[in-house]
Participant: 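Okay, here's the structure, questions in a sec.
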2 protein chains.
Amino acid sequence: MNNDKKRLLAKVAYLYFIEDYTQAEISKELNIYRTTISRMLKQAKDLGIVSIKINDFDTDLFDLELTLKEKFQLKNILIIPSYPKESNKSKDQRLSLAAALYLKRIIKPKDIVGFAWGSILVGMIGQLQNPVKTDATFVPLVGGPSPSNSQYHVNGIVYDAARQFGGKSLFVDAAAVQESKYIRDGIINSQYFSDIRRLWAHLDIAFVGIGGPLTNSASRWRDLLTDEDRELLRERQAIGDCCCTFFDRHGKILTGSLLNRTIAVPLDNLRQVSNTVGVARSLTKAPSIKALLAMGILNTLITDEETANRILEIS
Amino acid sequence: MNNDKKRLLAKVAYLYFIEDYTQAEISKELNIYRTTISRMLKQAKDLGIVSIKINDFDTDLFDLELTLKEKFQLKNILIIPSYPKESNKSKDQRLSLAAALYLKRIIKPKDIVGFAWGSILVGMIGQLQNPVKTDATFVPLVGGPSPSNSQYHVNGIVYDAARQFGGKSLFVDAAAVQESKYIRDGIINSQYFSDIRRLWAHLDIAFVGIGGPLTNSASRWRDLLTDEDRELLRERQAIGDCCCTFFDRHGKILTGSLLNRTIAVPLDNLRQVSNTVGVARSLTKAPSIKALLAMGILNTLITDEETANRILEIS
DNA sequence: TAAATGTTGGCACTTTTGTGCAAAATAAGG
DNA sequence: CCTTATTTTGCACAAAAGTGCCAACATTTA
């Protein structure tokens, strides 16, 4: 490749990219056949004579999305940037907002949308603004919290969602964890619960939070757990939960007494849902998130940069 | 323009320009209508989110070409870069090469090609390599130099050109300046000269050098001038010559005794030629070149950067 | 100088992009 | 909550760009 040739390529590239000539115009101007111009432009790109830079674009973030999407076979992923020295509250807020926008974007008129518990999900509902009016149905995916936390009741989430999106919502009249398998089964099989069960089988969208380890948890529903429950979870090395269902680091669901007493959509159900969206962030939750991703239950993840990086590190 | 929006534009631009997605693919990936993607890309360019740089391309040089081309209504222009500290010999050589390549590019099988005198033109012939074989006719545009400079005879140029391009050449058997108008007219009207005169009327291409001021001239033909000629030229403020025809700074051709004794194509003839190519460089010649350009006789200029800049400065 | 190798021209045809316009959706104010 | 801008969608159509192919040409190499 001699120098004159290179200069010619550069000239063509200049006319095309900077002066916005069409290839036909360049062809005419330089008396070179148009298709040759097309090929020259390709060559100029290949040779690095043309360098295109995208400003305001965090390539790392995008690569992170691609990598995680690939690694965990996700259908969608959304990673919001992390800014240094930002408070957790603010980080959570931005994550909620991102989740809210995402829901607004994917919801369709007659969708059946399930919500589980999670502080991000609560925050998310507060950030929906001017959502499209739909005829969607909003349904809880888990039972409620203990009576002392009633202001964070999952019913509140679906109710607000329905109010804002204009559809209808179903309530769940039971706490997430019951005293015995017998009662749990009774509720689940009861007449009034059958609507919810049916909807669980036909979910279009499911939004779930992800709970971190037991130890450093500020969870609003885990006060439902008995001391024996906690003991058992420790013993079996529970690493986190989703929809009140605990699992260990290997993505093994911890079955047993607790799960039998729990009112929640079975995680396996979520595999059939076309949009199963996990929303969570924080370094302490990263292992839980990773384990859950590995289970292949979610097909969409919404998190932030630092969390995503951590997930990748420990994978 | 909020930040999220900007990030989206950047993402689209990234996928398009860096990852070579088509707009349709991006549209599918992001669930945004294709035409919107097209518009987003335009916006991203407008906002400077996409910045495209052409390496190895001297924008100044190109602008210089455009400006001069415009200013002097040229059909074509070729400005080669000037490198600092390069010797004049080397600069001349590069210019000759550029001119040679240019001729190779524009010559057509049956063209009639005229050559005038000029060191660059001599150098140019030496740098033709593997030219296309043509059936062209090469003809001198001026008479020869004085007998003492016979190795630089214009006949040599056309002869070599014909040898290399494979066509035929005509010789001129007279010096450029004769002793009297009477002799000049006699030669021009002679039988053997009629071929040349006819070709002069049907030139397809004319390559001419441009001579600078009398004072600092190393010209190889000006020894034909008499003292009176020189005196007159000084008096009438000759600024340079082309095809042995002198003109002043205003582009006025200096008629009179000298011109009447000169054997050369009339400059006005060159206006009809579809490619009248002037090849010259150097700061001292800039005023001559400028004056000649202003006359509108050339339609193509081949020069170098420093000369072009000077021409522009004094315009 | 002849054969081999690479480049451009020329053409038909496909794919990709750009654009104008009206309808629908979204955002912004009052 | 309703009204009014501003965007986005959706579509049809026009313009521009890309591709495969082959022949002509040019450049290297043997």
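Values reported hereafter were calculated over all heavy atoms of this structure, with side chains retained and with hydrogens, waters and symmetry mates removed. On a predicted model such as this, the values are computed, not experimentally measured, just so you know. Naming convention: chains lettered A, B, ... in sequence-line order (proteins, then strands); numbering from 1 in each chain.
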Participant: Would you kindly say whether R271(B) and N299(B) are connected by a side-chain donor-acceptor distance under 3.5 Å?
Facilitator: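 No, N299(B) and R271(B) have no side-chain donor paired with an acceptor closer than 3.5 Å.
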
Participant: Each nucleotide N or O in nucleotides 3-8 of chain D that has a protein N or O under 3.5 Å away: list the pair and distance.
Facilitator:
residue	atom	partner	partner atom	Å
dT8(D)	OP1	K5(B)	NZ	2.6

Participant: Would you find more than 12 non-hydrogen atoms of other residues, nucleotides or ligands less than 6.0 Å from F171(B) atom CZ?
Facilitator: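 Result for CZ/F171(B): enclosed.
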
Participant: At under 4.0 Å between heavy atoms, how does the protein contact nucleotides 12-22 of chain D? Give one character per nucleotide, 5' to 3', with B, S or -.
Facilitator: ----SBBBBB-

Participant: Report for the helix from dT1(C)-dA30(D) to dG30(C)-dC1(D): angle between first-end and last-end helix axes, five pairs each, rounded to 10 degrees.
Facilitator: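 The end axes of the helix from dT1(C)-dA30(D) to dG30(C)-dC1(D) are about 60° apart, to the nearest 10°.
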
Participant: Hey, which of T137(A), V113(A), D135(A), L103(A) is the one that makes side chain to side chain contact (heavy atoms under 4.5 Å, CB included) with F165(A)?
Facilitator: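 Exactly one option meets the side chain to side chain contact (heavy atoms under 4.5 Å, CB included) with F165(A), and it is L103(A).
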
Participant: Go through the structure and list residues passing ring pair (Phe, Tyr, Trp, His ring centres under 6.0 Å) with Y14(B), not counting sequence neighbours.
Facilitator: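 Listed in chain order: F57(A), F62(A).
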
Participant: Would D92(B) and K89(B) satisfy side-chain contact (heavy atoms from CB on, under 4.5 Å), going step by step from the backbone distance to the final call?
Facilitator: CA-CA 5 Å; D92(B) 285 350; K89(B) 189 180 161 195; 5.8 Å; no

Participant: In sequence, state the C-alpha distance, the side-chain angles, and the governing distance for E65(B) and K11(A), and then conclude on salt bridge (charged side-chain N to carboxylate O under 4.0 Å, His left out).
Facilitator: CA-CA 12 Å; E65(B) 287 188 351; K11(A) 186 168 184 171; 3.2 Å; yes

Participant: If you look at every heavy atom in S169(A) and Y159(A), which pair is closest and at what distance?
Facilitator: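 Closest approach of S169(A) to Y159(A): OG-CA, 3.7 Å.
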
Participant: Within this structure, what is the NZ-to-P distance between K104(A) and dT26(C), rounded to whole angstrom?
Facilitator: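 In whole Å, dT26(C) P lies 8 Å from K104(A) NZ.
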
Participant: Which residues satisfy the ring pair (Phe, Tyr, Trp, His ring centres under 6.0 Å) test with F17(B), sequence neighbours excluded?
Facilitator: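 Here no residue qualifies.
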
Participant: For residues 66-76 of chain A, please give each side-chain donor-acceptor pair under 3.5 Å, one per line with the distance, not counting sequence neighbours.
Facilitator:
residue	atom	partner	partner atom	Å
T67(A)	OG1	D63(A)	O	2.6
K69(A)	NZ	E29(B)	OE2	2.8
K75(A)	NZ	S274(A)	O	2.9
N76(A)	ND2	Y102(A)	OH	3.2

Participant: Closest approach of I210(B) and L298(B), non-hydrogen atoms and distance?
Facilitator: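 Closest approach of I210(B) to L298(B), heavy atoms only: CD1-CD1, 4.1 Å.
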
Participant: Using whole Å, what does the distance between atom C1' of nucleotide dC25(D) and atom CD1 of I107(B) come to?
Facilitator: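 Going from CD1 in I107(B) over to C1' in dC25(D) covers 16 Å.
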
Participant: For D46(B) and dG18(C), give me the distance from atom CG to atom C1', rounded to whole Å.
Facilitator: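 Atom CG in D46(B) sits about 14 Å away from atom C1' in dG18(C).
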
